[in-house]
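Worksheet: one structure, shown below.
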Amino acid sequence: MRIDGHVFEDPLAPDDDIRPTTMQPIVRENRDTGQRDLVLARWGFIPPWQKPGEKPPPTTFNARSEGVEKAGMWKRAFERHRCLVPADAFFEWQKIRPRNNPKFAFTLDGTAPFAFAGLWSAWKDPANGHWLQSFTVLTTDANETMQPIHTRMPVILQPKDYARWLSRDESAQPPLDLLRPLPEGLHCEPVENEPGMATNPIAQKDIPTKGADADQPGLFGDSL
DNA sequence: CCAGACGTTGTT
DNA sequence: GTCTGG
DNA sequence: CCAGACGTTGTT
DNA sequence: GTCTGG
């Protein structure tokens, strides 16, 4: 992603279970130097009008790309605060039951890093003057690969579009055309479930192994 | 004009 | 901060 | 969204 | 079952 500016100093621990509210690296263009900085930011966008002590809105870790240029929460960030969110995989659950849904990993070729389209926010806590960086990941319709698993997917950008997405030039054409499902190259594979769980998503529907509905002889349930 | 919302995914 | 609904 | 907690009295 | 934290 051609980071040529500042890089945050804290090392990152390996993490394959990244969740909202944790601090994660994003890439953004420095307003003054034009360089690409790697910055730690909270996954879960803090709106500029956030007041100290009040809870932030509960679901700002994704932003629908449809209408992002108009929606109050996202409008300004879409104009001036776009970023890349580096990743090499993401997960989605196929909603076939209320619980214990099968989990799938989505990658490009298994290991290659890629970038989600993100928006960032810099919020100064009026109480103590501390700055909090935060971000959201844009979503769009699922592509052909994701369709069977989930109706939505994160926007994945092509490297050739990184510069335009990161640009903070408001006189340029807004990069709405980049907010579309990844046309090709997405790979899907099931993630091994917890021990005792069926892995075949179709078979699993009919073979509950845990909880109150576990009635299969020979399987150990929750009770001791 | 002021007041109040500002968000997502999935609805077993 | 900015938009929308009343 | 999913995962994990969810509680009180009284005290090793 | 439902709420909260991540």
Side-chain angles (χ1 to χ4, degrees), chain A residues 12-26 40-82 85 87 89-106 116-126 131-143 146-155 170 174 179 181 188 190-197 201-202 204-215 222:
Chain A
L12 280 177
D15 192 350
D16 61 0
D17 188 18
I18 287 168
R19 307 204 193 166
T21 72
T22 61
M23 299 298 284
Q24 302 297 335
I26 62 171
L40 267 190
R42 175 191 192 265
W43 186 20
F45 186 95
I46 304 293
W49 56 85
Q50 179 71 39
K51 294 192 178 62
E54 288 186 5
K55 283 187 183 175
T59 47
T60 57
F61 47 86
N62 285 138
R64 288 181 65 90
S65 57
E66 299 92 340
V68 71
E69 79 282 15
K70 289 179 286 202
M73 178 102 68
W74 313 122
K75 184 174 191 285
R76 188 57 185 150
F78 175 69
E79 291 166 350
R80 282 281 288 178
H81 291 168
R82 299 186 294 267
V85 182
F90 64 96
F91 303 103
E92 203 54 77
W93 287 259
Q94 187 180 32
K95 191 80 175 178
I96 58 175
R97 314 199 296 169
R99 295 167 50 83
N100 297 329
N101 281 301
K103 182 182 183 181
F104 294 84
F106 294 88
F116 298 127
L119 304 176
W120 61 270
S121 154
W123 180 72
K124 186 180 185 179
D125 187 341
W131 284 92
L132 175 61
Q133 311 297 323
S134 64
F135 71 98
T136 190
V137 173
L138 292 171
T139 62
T140 185
D141 285 329
N143 68 9
M146 283 209 68
Q147 202 78 63
I149 310 300
H150 205 67
T151 60
R152 305 285 294 171
M153 72 181 298
V155 174
E170 288 187 80
L179 303 179
C188 172
V191 176
E192 197 61 36
N193 286 310
E194 296 301 314
M197 297 279 300
I202 298 166
Q204 185 175 9
K205 189 191 301 186
D206 302 312
I207 309 177
T209 58
K210 291 191 61 150
D213 54 356
D215 57 2
D222 290 334

Is K75(A) touching bases, backbone alone, or none of the nucleic acid, heavy atoms closer than 4.0 Å? sugar-phosphate
Measuring from R64(A):CZ to W74(A):CH2, what's the distance to the nearest 0.5 Å? 12.5 Å
Contact class for P57(A) vs. all strands (heavy atom < 4.0 Å): base, sugar-phosphate, or nothing? nothing
Strand partner of dG7(D), provided both Watson-Crick or wobble distances fall under 3.5 Å: none
To the nearest angstrom, the CG-C1' distance between N62(A) and dG6(E) comes to 14 Å
Regarding R76(A), tell me which of base, sugar-phosphate or nothing describes its non-hydrogen contacts under 4.0 Å with the strands shown. nothing
Would you mind telling me which of dG6(E), dC6(B), dC2(D) lies closest to the side-chain atoms of T21(A)? dG6(E)
If I take atom CZ in residue F61(A) and atom C1' in nucleotide dC2(D), what distance separates them, rounded to the nearest angstrom? 9 Å
Pick base, sugar-phosphate or nothing for T136(A), based on heavy-atom distances below 4.0 Å to the nucleic acid. nothing
Classify W74(A) by what it touches in the nucleic acid, base, sugar-phosphate, or nothing, heavy-atom distance under 4.0 Å. sugar-phosphate
If you measure from CZ on F104(A) to CZ on F91(A), what distance do you get to the nearest 0.5 Å? 12.5 Å
Could you tell me whether E170(A) and R82(A) make a salt bridge, using a distance below 4.0 angstrom between a side-chain N and a carboxylate O? no
Can you measure K51(A) atom NZ to dG4(B) atom P for me and round it to whole angstrom units? 12 Å
By salt bridge (Lys or Arg N to Asp or Glu O under 4.0 Å) - contacts of R19(A) (at least two apart): D17(A)
Given atom CG of D15(A) and atom C1' of dG6(E), what is their separation to the nearest angstrom? 11 Å
Closest heavy-atom contact between P148(A) and Q94(A)? O-NE2, 3.1 Å
How is T60(A) classified with respect to the nucleic acid when contacts are heavy atoms under 4.0 Å: base, sugar-phosphate, or nothing? nothing
On a whole-Å scale, what distance lies between the P atoms belonging to dG5(E) and dT8(B)? 22 Å
note: R64(A), atom CZ; dC6(B), atom C1'; distance rounded to Å ~ 16 Å
From the candidates dG7(B), dA3(D), dC6(B), the one with an atom nearest any side-chain atom of T59(A) is dG7(B)
Interatomic distance, K55(A) NZ vs dC6(B) P [rounded to whole Å]: 17 Å
Determine whether the aromatic ring of W49(A) stacks with the base of dC6(B), defined as ring centroids separated by less than 5.5 Å and ring planes inclined by less than 30°. yes
Could you work out which one of dG6(E), dT8(B), dC6(B) sits closest to the side chain of A63(A)? dT8(B)
Between CZ of R19(A) and P of dC2(D) the distance, given in whole Å, is 11 Å
Salt bridge (Lys or Arg N to Asp or Glu O under 4.0 Å) partners for K51(A), two or more places apart: none
W93(A) side chain: which of dC2(D), dT8(B), dC6(B) is closest? dC2(D)
Tell me the interatomic distance from I96(A), atom CD1, to dC2(D), atom P, rounded to whole angstroms. 12 Å
Could you tell me how far dA3(B) sits from dG7(D) if I compare only their C1' atoms? Round to whole Å. 40 Å
What nucleotide among dG6(E), dG7(B), dT8(B) has an atom nearest to a side-chain atom of T22(A)? dG6(E)
Taking the C1' atom of each, how far is dG4(B) from dG10(D), in whole Å? 47 Å
Paired with dG6(E): which nucleotide, if any, by Watson-Crick or G-U wobble criteria at under 3.5 Å for both distances? dC1(D)
